Amino acid sequence: MLKDKKIILGITGSIAAYKAAYLVRLLIKKGAEVQVVMTPAAKEFIAPLTLSTLSRKPVISEFFSDRDGSWNSHVELGLWADAMLVAPATASTIGKMANGIADNMLITTYLSCKAPVFVAPAMDLDMYAHPATRQNVERLRSFGNHIIEPAEGELASQLVGKGRMEDPEQIVLALEGFFSSEKELSGRKIIITAGPTYEKIDPVRFIGNYSSGKMGFALAEVCAERGAEVTLVTGPVALHTNHPGIRRIDVESADEMYWETMKVFPEADVAILCAAVADYRPESQAIEKIKRENNGDMLLPLVRNMDIAEALGKEKQENQLLIGFALETNDAVEHAKDKLKRKNLDFIVLNSLENKGAGFQYDTNKISIIDRLGEVADFPLKSKREVAFDIVNKMITLFK
Ligand code: CTP
């Protein structure tokens, strides 16, 4: 997908610049042509020689070449590219991009670039969380730039949090997803449910679960990148997405999720039911905050929620696909097969609970896919984005 693609790789002055060498290597291996543009500060972190050797092209950093005084044309470069990737992108560069402060070759190239732009921020957690950075990032998003969100983890400051540049492999996957020439899902309408549901007890309390929504959001993005029109019905999560192919519907309870999903299902080609839907809700919701009784315990009567997957399974037409998830602690495959049948699914994704790093809240997941023929395909521990690719690939085989 990246073969013969012309990519400007903008590198800025962050410690993560050392990863840019690997990024160039990966892009070249995929057949891309890479032109590195560095800010002056980036050269403090990684030698231009390393990057020019790996990219097989002289690195551009100044407006004029020292050697012969020739001019590096940012305009030509901007028109040459099929994509521009700024990785790592510091808070300073993001700020300059957002405000058009064209004081170096990288920013002038950015302003001249007509191709899609990808930005992979890298900075300390507090810098990333600062309202100034948040606003600048949002501004870039509003220009249509693609933000490759930083990952959580240990940072150069030894603090732990969100700000670490996404791994080069993930960045390349994001570019590949964008260029995925086949766009196998264009014209397809896909519903995805994601996140937890909150079942209200009174105005200040609810029953919920730890689902982060990450798996469902990764699926929504991968489907949209491959051309699908996605309706993402999500419970309360702290995630955002701005792919133009995703229409997001925020809900709180299982009941709301049920109605929103049922409304759009008749038009859909596929529904992927990724949400961790509460099976029960309080029988009644107190209008006022429930006060503590002086003596004794409290009993909270619960009633069943609708099973969205099962309801869609009953409505499903020949040309529609239904994909479910299962999280089991014992006899996993047997229970998952039973759910597949009971809910009339086309395949079910079984989340493993055995691996540390898989499931709720984590960025990684380990799955098995079980289909109607009873075939079980096991996958290794991967990022949720890569897992989303595996699930979407399986789905595409069922269209054929
Ligand atoms: N699901 C749903 N609506 C519900 C419950 C579950 O759509 N009210 C979907 C989930 O999104 C998932 C699949 O059904 O795709 C299986 O969810 P799970 O909670 O494991 O299934 P249950 O039928 O509730 O089984 P269990 O007894 O194991 O909780």
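Computed from a predicted structure; not experimentally measured. Whatever order the structure lists ligands and atoms in, that order sets their numbers, starting from 1.
The protein heavy-atom contact nearest to atom 22 (P) of ligand 1 is K343 NZ, 3.6 Å. Annotation: atom 3 (N) of ligand 1 to nearest protein heavy atom, I308 N, 3.0 Å. Here the heavy atom of the protein found nearest to atom 29 (O) of ligand 1 is D279 OD2, 3.3 Å. The protein heavy-atom contact nearest to atom 7 (O) of ligand 1 is A309 N, 2.9 Å. Among protein heavy atoms, the minimum distance from atom 12 (C) of ligand 1 is reached at F325 O, 3.1 Å.
Under a 4.0 angstrom heavy-atom cut-off, M257 registers as lying outside contact with ligand 1. Remark: distances from the non-hydrogen atoms of D307 to ligand 1 include one below 4.0 Å.
Considering backbone and side-chain atoms alike, I323 places every N or O at 3.5 Å or more from each N or O of ligand 1. At a 3.5 angstrom cut-off on N or O pairs, N305 does not count as close to ligand 1. At under 3.5 Å, not a single nitrogen or oxygen of C274, backbone or side chain, sits near a nitrogen or oxygen of ligand 1. Residue-to-ligand polar distances place L273 within reach of ligand 1: an N/O pair is separated by less than 3.5 Å.
Aromatic ring pairs are classed by plane angle as parallel below 30°, tilted from 30° to 60° and perpendicular above 60°; the pair F118 and H146 is parallel. Ring orientation note: the planes of F206 and Y198 are close to parallel, at an angle under 30° on the 30°/60° scale.
Looking at E169, E149, E166, E225 one by one, the single match for salt bridge (Lys or Arg N to Asp or Glu O under 4.0 Å) with R385 turns out to be E225. Looking at K6, K5, K57 one by one, the single match for side chain to side chain donor-acceptor pair (under 3.5 Å) with E33 turns out to be K57.
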* Asked: Would S383 and Q170 satisfy side-chain hydrogen bond (donor to acceptor under 3.5 Å, both in side chains), going step by step from the backbone distance to the final call?
  -> CA-CA 9 Å; S383 72; Q170 297 302 316; 3.3 Å; yes

* Show your reasoning for whether side-chain hydrogen bond (donor to acceptor under 3.5 Å, both in side chains) applies to N305 and D255. => CA-CA 7 Å; N305 273 332; D255 194 51; over 6 Å; no

* **Stepwise side-chain hydrogen bond (donor to acceptor under 3.5 Å, both in side chains) test for Q35 and S55** => CA-CA 7 Å; Q35 174 62 63; S55 66; over 6 Å; no

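Counting the atoms of ligand 1 from 1 in the order shown, those under 4.0 Å from a heavy atom of G324 are 15 (O). The ligand atoms of ligand 1 that sit less than 4.0 angstrom from a heavy atom of A275 are 10 (C), 11 (O).
A donor and an acceptor atom, one from each side chain of Q135 and T133, are nowhere located under 3.5 Å apart. Side-chain atoms of N145 and R139 form no donor-acceptor pair, as typed in the model, at a separation below 3.5 Å.
Of the candidates M306, H335, K339, the one placing a heavy atom closest to atom 26 (P) of ligand 1 is K339.
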